[in-house]
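The structure appears right after this line, and notes come after that.
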There are 2 protein chains.
Amino acid sequence: MSRADPGEVLAALGDPTRQQIVTRLASGQARTATELARDLPITRQGVAKHLATLRDARVVHREEVGRESRYRLDRDAIAAARSWIADVEATWDARLDRLADLAERDD
Amino acid sequence: MSRADPGEVLAALGDPTRQQIVTRLASGQARTATELARDLPITRQGVAKHLATLRDARVVHREEVGRESRYRLDRDAIAAARSWIADVEATWDARLDRLADLAERDD
DNA sequence: CAGATGTGCAACTCCATGGTTGCGTGTTGT
DNA sequence: ACAACACGCAACCATGGAGTTGCACATCTG
C-alpha cells in the first residue's frame, strides 16, 4: 500500500469545492455524499467525483455501512501535505540563515 | 494590500510544475523564468504563466532588475496555506478528543 | 549603432476535469 | 413484497488552463 504523495494531496486540496468538503469532514462526523451535497451547490454525483479524487489522494477513505458509504478524513495524507509545505519553508529559512551568516561575517 | 487567500495558495501549489518551481525557488536564489525553464520540460513562456499564477496567489513576487525580472518566494503566503491545513488537522483532533471524552464518560 | 539577449503579451491548441443527466443495482423498512 | 432510498457507473458537455508559437519591445554589450 503506497503512501500518500504530498504533491497529489496538494492537487486534491487545490479545488475550492474539495476544500469545503474537507472542512465539513474535519468539523463533523464521517459524512455521505448525499449529506455533503445538501450543503453544496452541486449534485450528489458531483460530490461523489470529488470524493473519488480525494480518495485517490488518500485524503479520505470510504466506510461502507449497509446501503450507504460514509467518508472519513485520513489524517496522515493531510499531514504529508502540511509537511511538504513546512519543508519548503524550512529550506527557505535555512537559506536566509546562510545569508545572515554571510552578513555577520562581513562585519 | 489584501493578504493571501489560503485556498488560492493551495490551488496554486496544486500543480506539479508549480511545485517544482517552488522547490527550486526555496533551495536557491531568486530565479528568472528563463533560468527555471532550463530545468523544466516546458518553454520559458510556460514557466512565465505559472509564475504569473503564483504571483496572483502571492506565493511569489517579482523583482525587476534591468532587463530581467527575478522571482522570489513569499514566505507569508506559503505559511498561510500550511496554517489552513494545520487548522483542519486541529479541528479533526479536537473532534477525536471529544469522542475520547464521551468514551471516558461512558465508563 | 547593431546584434544578442531577456521579457511580456496575444492568439491558438488541446486535453483534463468539474459538472450534469440517466440508469441499473443493492438495501431498508413497512 | 414493494416502494423508497442510497449508491456507483457511464456518457456527455463545457470551460479552464497548461502549453505552444509568434511578435514587439526593452536592455545590455561589442
Side-chain angles (χ1 to χ4, degrees), chain A residues 4-5 7-25 28-74 77 81, chain B residues 4-5 7-25 28-74 77 81:
Chain A
D5 169 31
E8 203 179 348
V9 176
L10 258 314
L13 294 181
D15 182 82
T17 301
R18 286 196 287 270
Q19 287 168 16
Q20 295 199 43
I21 292 178
V22 168
T23 301
R24 300 282 194 293
L25 287 181
Q29 300 199 20
R31 302 208 166 275
T32 163
T34 309
E35 293 172 0
L36 289 167
R38 291 198 197 103
D39 293 349
L40 298 169
I42 60 176
T43 60
R44 170 185 67 87
Q45 287 85 343
V47 175
K49 286 179 85 174
H50 282 301
L51 287 171
T53 77
L54 285 172
R55 200 154 58 93
D56 286 346
R58 323 255 179 199
V59 174
V60 131
H61 64 101
R62 183 161 54 167
E63 299 176 356
E64 317 200 10
V65 182
R67 73 175 151 182
E68 67 186 14
S69 61
R70 319 196 68 87
Y71 292 84
R72 196 179 295 273
L73 267 193
D74 187 346
Chain B
D5 170 30
E8 203 179 349
V9 176
L10 258 312
L13 294 181
D15 182 81
T17 302
R18 285 195 288 270
Q19 288 168 17
Q20 295 200 44
I21 292 178
V22 167
T23 301
R24 301 283 194 293
L25 287 182
Q29 300 199 21
R31 301 206 166 278
T32 162
T34 308
E35 291 172 1
L36 289 167
R38 290 198 196 102
D39 292 349
L40 298 170
I42 61 177
T43 60
R44 171 186 67 86
Q45 288 85 344
V47 175
K49 287 178 85 175
H50 282 301
L51 286 171
T53 78
L54 285 173
R55 201 154 58 91
D56 286 346
R58 323 256 178 196
V59 173
V60 129
H61 64 102
R62 181 160 55 166
E63 300 177 355
E64 316 199 13
V65 182
R67 72 174 153 183
E68 67 186 13
S69 61
R70 318 195 69 86
Y71 292 84
R72 194 179 295 273
L73 267 193
D74 187 346

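Per chain, numbering begins at 1; letters A, B, ... match sequence-line order. The figures that follow rest on heavy atoms only: side chains count, while hydrogens, waters and symmetry mates do not.
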Just how far, in rounded Å, is P of dA10(C) from CZ of Arg44(B)?
14 Å
Which residue pairs pass the side chain to side chain donor-acceptor pair (under 3.5 Å) test when at least one of the two sits in residues 46-56 of chain B, sequence neighbours left out?
Arg18(B)-His50(B), Arg18(B)-Thr53(B)
Give me, pair by pair, the N or O atoms of the protein and of nucleotides 14-16 of chain D that are less than 3.5 Å apart, along with how far apart they are.
none

Correct closest heavy-atom pair for Ala11(B) and Gly14(A) would be CB-O, 3.4 Å
Enclosure of Gln29(B) CD (heavy-atom neighbours >12, cutoff 6.0 Å):
no
Whole Å only: how far is the CD atom of Glu8(A) from the C1' atom of dA16(C)?
15 Å
Could you list by number each residue of residues 13-25 of chain B showing a heavy-atom separation from DNA chain C of less than 4.0 Å, or answer none if no residue does?
none
What do the steps show when you test Val9(A) against Arg58(A) for side-chain contact (heavy atoms from CB on, under 4.5 Å), and what is the final call?
CA-CA 7 Å; Val9(A) 176; Arg58(A) 323 255 179 199; 5.8 Å; no
Gln19(A): which residues meet the side-chain contact (heavy atoms from CB on, under 4.5 Å) condition with it, sequence neighbours left out?
Leu10(B), Trp84(B)
Any N or O donor-acceptor pair linking the side chain of Gln45(A) to the base of dG18(C) at under 3.5 Å?
no
Strand contacts (DNA chain C) in residues 46-54 of chain A, 4.0 angstrom heavy-atom criterion
Gly46(A), Lys49(A), His50(A)
To the nearest 0.5 Å, atom OH of Tyr71(A) lies from atom CD of Glu63(A) at 11.0 Å
Heavy atoms, side chains only, cut-off 4.5 Å: are Leu25(B) and Leu54(B) in contact?
no
Integer-rounded Å distance: dA18(D) P and Leu36(B) CG
16 Å
I need the Asp15(A) CG to Gln20(A) CD distance, nearest 0.5 Å.
9.5 Å
Selection from dT21(C), dG19(C), dT20(D) that lies nearest to any side-chain heavy atom of Ile42(B)
dT20(D)
Give a yes or no answer on whether the side chain of Arg70(B) reaches the backbone of Ala30(B) with a donor-acceptor pair at less than 3.5 Å.
yes
Any Thr43(B) side-chain nitrogen or oxygen under 4.0 Å from OP1 or OP2 of dG19(D)
no
Could you give the distance from CG (Asp39(A)) to CZ (Arg24(A)), rounded to the nearest 0.5 Å?
4.5 Å
List the atom of Ala81(A), the atom of Leu13(A), and the distance in Å for their closest heavy-atom pair.
CB-CD1, 4.5 Å
For the pair Val60(B) and Ile21(B), evaluate side-chain contact (heavy atoms from CB on, under 4.5 Å) and give the outcome as yes or no after the intermediate values.
CA-CA 10 Å; Val60(B) 129; Ile21(B) 292 178; 6.0 Å; no
Close residues, residues 62-69 of chain B, relative to DNA chain C [heavy-atom separation under 4.0 Å]
Arg62(B), Arg67(B), Glu68(B), Ser69(B)
Do you know which two heavy atoms are closest between Ala12(B) and Ala57(B), and how far apart they sit?
CB-CB, 3.7 Å
